[in-house]
Amino acid sequence: MPIDYALYLVTGRDLLPPGQPFAATLAAALEHGVTLVQLREKTADTGEFLAVARETKAICDAHNVPLLINDRADIALAVGAAGVHVGQDDMNARDVRKLLPAGAIVGVSCNSADDVRRAIADGADYIGIGAVYGTATKNVKNPLLGPRAVGPLLALLDGTDVRAVAIGGINAGNLARTLQGSVSDSGHALDGVAVVSDIMASRDPAAASAKLAGIVKAFKEGRAASAPSAALKVEDLLDGVVRVMKVVKEINPLVHQITNTVVTTQSANITLAAGGSPIMATAPEEMDDLAKVAGAVLINIGTLREDVVRAMRVVGPAANLSRTPLVFDPVGVGATDFRKRTVKELLDAFQISVLKGNAGELAAVAGSNEVRAKGVDSAGPGFADPAWFVRGLARKEKTTTLLTGPVDYLSDGVRAVKIANGHEILGRVTGSGCMLGSLVATYCAAAAHVADVDAGFDGETSRAGSAADTVRGDMLVGALAGVLVLSIAAEKAVARGDVYGPGTFLPALMDEVAGLTPGEVRARARVEVV
Ligand code: 3NM
């Protein structure tokens, strides 16, 4: 039987909700997207293990899904299972294989590069990489990897037939990030994910499985669909900008913004000026509801506080679940250890759609020493090759990346442009970068709407299944629209006779954003492919 690793259920009978029969959970999971099962029994004696294995095998057979047995080749043989999964403390893959019939599947748990190399050398068919996130299901002694440490392990499998799944704390909220964030620099992606509690402990294992299976399927289809063409025409991008500007005025997207206390009012106002509808909620209790209805979400970490971080932890996975564009502005991330730690944690926990920052901030996110930060500002002359840097960071974080400065650079990892609009006065008022984040989020909401319209969805159909990627819409166009609107409005504002300096500039900027037409943006845009 061919093995499909897409959604791998590892059992844990102790996690079943009270009164829920194991067989019912298993059958529901198999009927709703689970493609492979591992029976994992850590406390049962041999007789009980065998009895459960027989029952499990019969249910898996009825659904045509292969069964693997954790650790015990004897049980696998007794029930005719497809193979065995071993951990680092169990018999090694080579010895297990000797006990099993030809063609049996052998999988190995791996946490490090050494584990992966050994599994390859021992002839494993697949590896389980974990633990990615914290989990209460298993007493994990090794370091938690986070999705971004999975890619380098996947790269070790390049050129082999060894398949890979990730495991540990994976649920529907972090699944998109797990899949996207773990793609290696060489383009190696996970074959699937393994979950225990998200299905086993669920009162509705059918819905839980269907949700997970849908996200894996969307990710795989998104990768199979043609990559964005590197042959990029500025005119096409500007057509896109014109369209999203019009759409914002038509649909007035709700833009949910968790931002800092310095800029909240002006960020809300600039969103309104562009045609969006801002909501600046920060209470963790509201986050689930808002992520479902918002056209886009902005997370800005200026004036960061732990209670607001709690809200960010909720809103990110919720936005991923509804495939809502998520713009991330790591304000002043280089300034303190708290901000650095928080950004690392958040970027591991959910998939962002656009990352925006100045040179100091993005250097800190990338772990580059090339540019230093001074508080929330950059210090020094910037990157020697900003286009190369921004394209590389976009690839690494699997997100459209916007590097702001006197000239702005924008890339989705394939396409890259530079934008030469703007005015130095933007650096003399506080929060111009934050307002840019608000505008980017506003136009990304429109870009997502455009994608839904083009896919034939009418707003009534569930958008969760409406396109073959984890984010809907062209985020490069959304981000470009934000940059052009703010910078061209700034150029127009400073040219006015009633603007004498930063004090009179800010209200004039609001007016110019409100009055700016798509035609003016197209005519004044100074965009170049790089
Ligand atoms: N193996 P849940 S983590 C069985 O790191 C197992 O190898 C892990 O359970 C590893 O999906 C883990 O409930 C438990 O977090 C995963």
Side-chain angles (χ1 to χ4, degrees), residues 5-17 20 22 25-26 29 33-44 49 52 56 67-72 83-93 96 106-116 118-119 122 124-150 152-154 162-179 182 190-205 208-209 211-213 215-216 317 348-349:
Y5 292 93
L7 181 55
Y8 184 179
L9 171 64
V10 179
T11 66
R13 286 189 299 147
D14 50 324
L15 295 170
L16 289 164
Q20 171 82 2
F22 172 60
T25 286
L26 186 59
V34 163
T35 58
L36 179 62
V37 174
Q38 178 193 137
L39 181 62
R40 184 169 181 270
E41 292 286 329
K42 286 301 182 192
T43 53
F49 198 157
V52 180
T56 307
L67 170 67
L68 306 179
I69 304 291
N70 182 272
D71 191 16
R72 296 280 297 266
V84 170
H85 181 92
V86 289
Q88 289 294 323
D89 299 330
D90 302 331
M91 189 185 283
N92 72 36
V96 175
V106 178
V108 184
S109 299
C110 293
N111 177 260
S112 67
D114 279 349
D115 293 349
V116 176
R118 220 175 308 112
D122 285 346
D125 293 289
Y126 78 90
I127 59 173
I129 300 175
V132 180
Y133 305 102
T135 173
T137 304
K138 179 179 171 179
N139 183 12
V140 175
K141 289 173 234 113
N142 291 319
L144 299 178
L145 294 167
R148 290 181 292 165
V150 174
L153 301 182
L154 288 176
V162 181
R163 304 286 159 212
V165 295
I167 187 166
I170 294 170
N171 57 45
N174 60 30
L175 180 51
R177 181 55 177 159
T178 307
L179 293 165
S182 62
L190 288 166
D191 294 285
V193 289
V195 300
V196 186
S197 54
D198 200 50
I199 294 175
M200 293 304 297
S202 173
R203 293 210 164 269
D204 189 350
S209 305
K211 208 177 237 180
L212 294 164
I215 295 167
V216 177
D348 271 344

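Order of listing sets the numbers, starting from 1, for every ligand and every atom in it.
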S.K.: With atoms numbered from 1 as shown, which atoms in ligand 1 lie under 4.0 angstrom from a non-hydrogen atom of S197?
M.R.: 2 (P), 11 (O), 13 (O)
S.K.: Parallel, tilted or perpendicular: which one describes the rings of Y8 and Y126, with boundaries at 30° and 60°?
M.R.: perpendicular
S.K.: Measuring from the heavy atoms of M200, does anything fall under 4.0 Å of ligand 1?
M.R.: no
S.K.: Would you mind reporting whether V162 and D125 have side-chain heavy atoms less than 4.5 Å apart?
M.R.: no
S.K.: Tell me yes or no: between the side chains of Q88 and S109, is some donor less than 3.5 Å from an acceptor?
M.R.: no
S.K.: In the protein, which heavy atom is nearest to atom 5 (O) of ligand 1, and how far is it?
M.R.: A131 N, 3.0 Å
S.K.: Taking the side chain as every heavy atom from C-beta outward, state whether I69 and D71 have any atom pair closer than 4.5 Å.
M.R.: no
S.K.: For D348 and R148, run salt bridge (Lys or Arg N to Asp or Glu O under 4.0 Å): C-alpha distance rounded to whole Å, both residues' side-chain angles, the deciding distance at 0.1 Å, then the answer.
M.R.: CA-CA 7 Å; D348 271 344; R148 290 181 292 165; 3.2 Å; yes
S.K.: Is V196 touching ligand 1 with its side chain, its backbone, both, or neither, if touching means heavy atoms under 4.0 Å apart?
M.R.: both
S.K.: Does some non-hydrogen atom of G128 fall short of 4.0 Å from ligand 1?
M.R.: no
S.K.: Only heavy atoms of G130, strictly under 4.0 Å: list the atoms of ligand 1 that pass.
M.R.: 5 (O)
S.K.: Examine R40 against ligand 1 and note whether any of their N/O atoms are separated by less than 3.5 Å.
M.R.: no
S.K.: Is any side-chain heavy atom of N92 closer than 4.5 Å to one of V96?
M.R.: no
S.K.: Checking side chain to side chain contact (heavy atoms under 4.5 Å, CB included) against T178, which of I170, V216, N171 comes through?
M.R.: I170
S.K.: Identify the protein heavy atom lying closest to atom 7 (O) of ligand 1, giving its residue, its atom name and the separation to 0.1 Å.
M.R.: K138 NZ, 3.6 Å
S.K.: Just verifying a value: how many Å separate L145 CG and I129 CD1, rounded to the nearest 0.5 Å?
M.R.: 8.0 Å
S.K.: Would you mind reporting whether V140 and T135 have side-chain heavy atoms less than 4.5 Å apart?
M.R.: yes
S.K.: Work out whether the distance between some heavy atom of D198 and some atom of ligand 1 is less than 4.0 Å.
M.R.: no
S.K.: Where is the nearest protein heavy atom to atom 3 (S) of ligand 1: which residue, which atom, and how far?
M.R.: G168 CA, 3.8 Å
S.K.: Hey, does G169 come in under 3.5 Å of ligand 1, counting only N/O atoms on both sides?
M.R.: yes
S.K.: State if V10 counts as touching ligand 1 under the rule of any non-hydrogen atom under 4.0 Å.
M.R.: no
S.K.: Run the numbers for me: atoms of ligand 1, each under 4.0 Å from some heavy atom of V195, listed by number.
M.R.: 11 (O)
